[in-house]
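Here is the structure we will look at.
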Amino acid sequence: MTFHVDSEVGRLRQVLLHKPDLALKRLTPANKDAFLFDDVLWVQRAMEEHEEFQQVLRSRGVVIHMLDDLLRETVEIPEARKHILDAVVDERWLGPVAIDDIRNTLDGMDSATLQVYLTGGITKGELAELGCAPQSVTFHAMGEHDFILPPLPNHLFTRDPSCWVYDGVAINAMRRKARMRETVNMEAVYMFHPMFAAGFDRPEQGGFHCWTPGHAAAPATMEGGDVLVLGRGAVLVGMSERTRPQAVEMLARRLFRAGAANRIVAVDLPKARAFMHLDTVMTMLDEGVFTQYAGLGMLPAYTIEPGRTAKELRFTDHPPEDMHKAIAHALDLPEITVLSAEQDVRAAAREQWDDGCNGLALEPGVVVAYDRNTTTNAYLRDHGIEVITIRGSELGRGRGGPRCMSCPLERDGI
Ligand SMILES: NC(=[NH2+])NCCC[C@H](N)C(=O)O
């Protein structure tokens, strides 16, 4: 089988990325917060930075799949188009009168154009230019520049709306409204794109599992930034601002029933934007080696294991001081090494904010990181990690680093 992710740090073979596009040009000082960005971007430079990221991955033999290509090819398929339009052209957002006209206009687009607007968003004015003029109060009351479909600038962070856990994919219901339609796009790609369709949810026929019901799982939200595939049947999950314990239990049951994993360590993260996902404060760099934000401290954790029946889950409650022990135990190691750069508290907080802890491993001990976090990177190098740096001054304004910007589709175990 081609697609499976057996660890966090084994050799990375195939990855899904999304290059910054129209959606980033839609960000303004007035709307950026609603779209979960902390600033507007110099989009041209962001694209160059992303190119650099792609080149690093290619030079290390990683095969890159681009979401815009996959999505364009997906919406060539009538059922896939229908799946997406059924979900996004919704009378609860657009009013019952306008939806037929809006839908027909979108459906009339060729696949390349539809893909651009599905990720980049479309305004009332842009739709009107295409002849869409419904006699609807909702439509008329909207301004020329208001979004009929809001853009999805966070598609850049392909890690979150779907994530692979061993021999299956989790298509995740997202916590924030600004990201919910990303899930719908990912559902269509996995269910209908020829690269995935034949294997989708058909493990017995050489395909892969689908661990989650996609956007229908809401409000049991989970985001891939919170899911670390430790390896050897273990998974580390952050119960964060975004990922609910309910979703962790649902995932645990599916993984255990399929025999794909046998231990989940769930850590209870502070519910704060700076720590929105586990991978913003902790990532794995090598076998048994992690980097962790010094200001995070130790967190309460649970180990979840299969119960006596398929319905039951057994859990062990760990006090904060045992967090690292619980992770080591899940990995069958006597202990883990946790690298937190030595620096003053304010410098540490700044580097964490700039994704200093968000390394993407390409193989054990080799990670991609933003160049700006000089203290963290130097510290990791001093401790034997090969750190390949990329620029991220623009990309990082959406609060995501190399791990957030990548969704591994195939990775070896440890
Ligand atoms: N895996 C991650 N840490 N992703 C970061 C996502 C950042 C994005 N702006 C959000 O708020 O959702």
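Each ligand, and each atom within it, is numbered from 1 in the order the structure gives.
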Atom 1 (N) of ligand 1: the protein heavy-atom neighbour that sits closest, reported with distance to 0.1 Å: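 Of every protein heavy atom, Asp160 OD1, 2.9 Å lies nearest to atom 1 (N) of ligand 1.
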Ligand 1 versus [X]: contacting region, heavy-atom distance under 4.0 Å:
X      : result
Arg176 : neither
Asn358 : neither
Met276 : side chain
Arg399 : backbone

Is the Lys NZ or Arg CZ of [X] less than 6.0 Å from the centre of [Y]'s six-membered ring, within 45° of the axis?
X      : Y      : answer
Lys25  : Trp42  : no
Lys124 : Phe147 : no
Arg411 : Trp164 : no

Within ligand 1, which atoms have a heavy atom of [X] less than 4.0 Å away?
X      : answer
Arg273 : 11 (O)
Phe157 : 6 (C), 7 (C), 8 (C), 9 (N)
Asn154 : 8 (C), 9 (N), 10 (C)
Arg242 : 10 (C), 11 (O), 12 (O)
Thr280 : 3 (N)
Asp279 : 1 (N), 2 (C), 3 (N)

Lys/Arg N to Asp/Glu carboxylate O, [X] vs [Y], below 4.0 Å:
X      : Y      : result
Asp39  : Arg397 : yes
Arg13  : Asp412 : yes
Arg179 : Glu182 : yes
Arg26  : Glu126 : yes

Option nearest atom 7 (C) of ligand 1 (shortest heavy-atom distance, choices Gly400, Gly398, Ser240, Cys163):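 Going through Gly400, Gly398, Ser240, Cys163 one by one, Gly398 has the nearest heavy atom to atom 7 (C) of ligand 1.
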Enclosure of Lys271 NZ (heavy-atom neighbours >12, cutoff 6.0 Å):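 For Lys271, atom NZ is crowded (more than 12 foreign heavy atoms under 6.0 Å).
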